[in-house]
Amino acid sequence: MINLTALVQSLRRSLLHIESRLLQAAGLDRQLAPALAVNGPSLLPQLDKEEEVEQQQHHPGLSDSILWMAAPKKRRTIEVNRTRRRSDSKLLKVKNNIEPCPECGHLKQKHVMCGFCYAKVCRETALIRQQIKEMEGGPLRAPTVETVVLYEGETPSEQDKDKRIVERSRKRPAWFSQ
Amino acid sequence: MRLTLRALISHGRVARKMGLGPESRINMLRNILTGLVRHERIETTTARADEVRFYAEKLVDYAKRGDTDEKAMKMASFWLTEKDLVPKLFNVLAPRFETHSKGYTRMARLPNRENLDRAKMAVLEYKGNPFPPLYPVKKDNELTLINQLLRGYREDRAQQLATKA
């Protein structure tokens, strides 16, 4: 640590010296790079001496940098460890918004749809979409009329007059009323 | 009194960032919207469904102007990348929502995706689609005890009123 402060001091001294030399050479206040370039030869021997002085001092090696890294001072006791590991933010939260779905009885969250009921609907829509795909017979052929799904034994009613009819070869499920 | 750095803290910012930038966000929403108009019921992440909802309803509002309207046709052809959906929009969706003033879409949250990311999913649909409903309509069962008793009571009351009059 002492070496470090000495190093820092020497660096600071050299920097101030360079600055004073530059100001002298330029004869102006606060003009840096051009002044240095113009008066190169006159400053060079001075700079060499400064570098030699620095090299004689200790380089900041790995041993020095280790000395000023953060490290724990004492072993954390089991009590401190326990309080950290079991703090409120790290414990699992209790959910009290779980309830059984009134349709199927599977558990669901209050603000979320029942997974089982949705899967049931998904399966039926997938079959309907397969039928639609067969009817359309190719990509990019969406019709310009509404679609209605009719199950076995159903005839198109008054409202379904100008709609495209998708036939499904099964009995109408109880949960899909018209 | 501004106490914080404007760029780093987003308190109160409501606009969502999606994808690689604003243009990417619009392109992504355009694709999702095209899918929604084609299939009338789609399943995406909650944030995307929420964003698309606004654009879906605005698109139907434009479609209601009719396909002779220049602005409406430009909007429809920009937002629908598959051009066979433009006639569908004007001839199917616009008449369907003639009587509705707003609220053409329905969004419901689903259980999280099964993948490693456990993303929040939502299902977004246009109302009046031909598929089975997400929330089945509950019909009252006439044969439950309470309903039978109430029916008996109603009949008795009607009989009493009839004999009184």
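From a predicted model like this one, the values you see are computed outputs, not experimental measurements. In what follows, every chain begins at residue 1, and chains take the letters A, B, ... in the order their sequences are listed.
Of the N and O atoms on the side chains of B/Asn147 and B/Thr144, at least one donor lies less than 3.5 Å from an acceptor on the other residue. In the model, A/Glu167 has no side-chain atom that pairs as donor or acceptor with a side-chain atom of A/Tyr151 under 3.5 Å.
Counting only distance, with no hydrogens or angles, the side chain of B/Asp84 and the backbone of A/Ala142 share a donor-acceptor pair below 3.5 Å. The backbone N or O of A/Glu152 sits nowhere less than 3.5 Å from a side-chain atom of A/Lys171 that would complete a donor-acceptor pair. With hydrogens and angles disregarded, a donor-acceptor distance shorter than 3.5 Å links the side chain of B/Lys127 to the backbone of B/Gly103.
Heavy atoms of A/Cys122 lying under 4.5 Å from chain B belong exclusively to its side chain. Residue contact with chain B, scored on non-hydrogen atoms closer than 4.5 Å, involves the backbone of A/Pro143 exclusively. Using a 4.5 Å cut-off between heavy atoms, A/Val145 touches chain B through its backbone atoms (N, CA, C, O) alone. In this structure, no portion of B/Val37 lies under 4.5 Å from any heavy atom of chain A. If you measure heavy-atom distances from A/Leu140 to chain B, the contacts under 4.5 Å come from both the backbone and the side chain. Interface remark: B/Lys138 contributes side-chain atoms only to the contact with chain A (heavy atom separation under 4.5 Å). For A/Gln109, no part lies near chain B; criterion is any non-hydrogen pair under 4.5 Å. Only the side chain of B/Tyr135 comes within contact range of chain A, judged by heavy atoms closer than 4.5 Å.
For chain B, the option among A/Glu124, A/His111, A/Lys108 with the highest count of heavy-atom pairs below 4.5 Å is A/His111. Interface remark: of the candidates B/Glu43, B/Met121, B/Lys83, B/Lys120, B/Glu43 forms the most heavy-atom pairs closer than 4.5 Å to chain A. Counting heavy-atom pairs closer than 4.5 Å to chain A, the top residue among B/Lys139, B/Arg41, B/Glu82, B/Glu40 is B/Arg41. No other option in B/Leu85, B/Leu89, B/Val92 has as many heavy-atom pairs under 4.5 Å with chain A as B/Val92. Of the residues considered (B/Pro132, B/Pro133, B/Ala108), B/Pro132 shows the highest number of contacts with chain A, using heavy-atom pairs under 4.5 Å.
In terms of heavy-atom proximity, B/Arg53 sits nearest to B/Leu124 at CG-CD1, 3.8 Å.
Between B/Lys74 and B/Glu70 there is a side-chain heavy-atom pair separated by less than 4.5 Å.
If you look at B/Phe97 and B/Tyr104, their ring centroids are closer than 6.0 Å.
For the pair B/Arg30 and B/Phe78, the cation-pi test (distance below 6.0 Å, angle within 45°) is passed.
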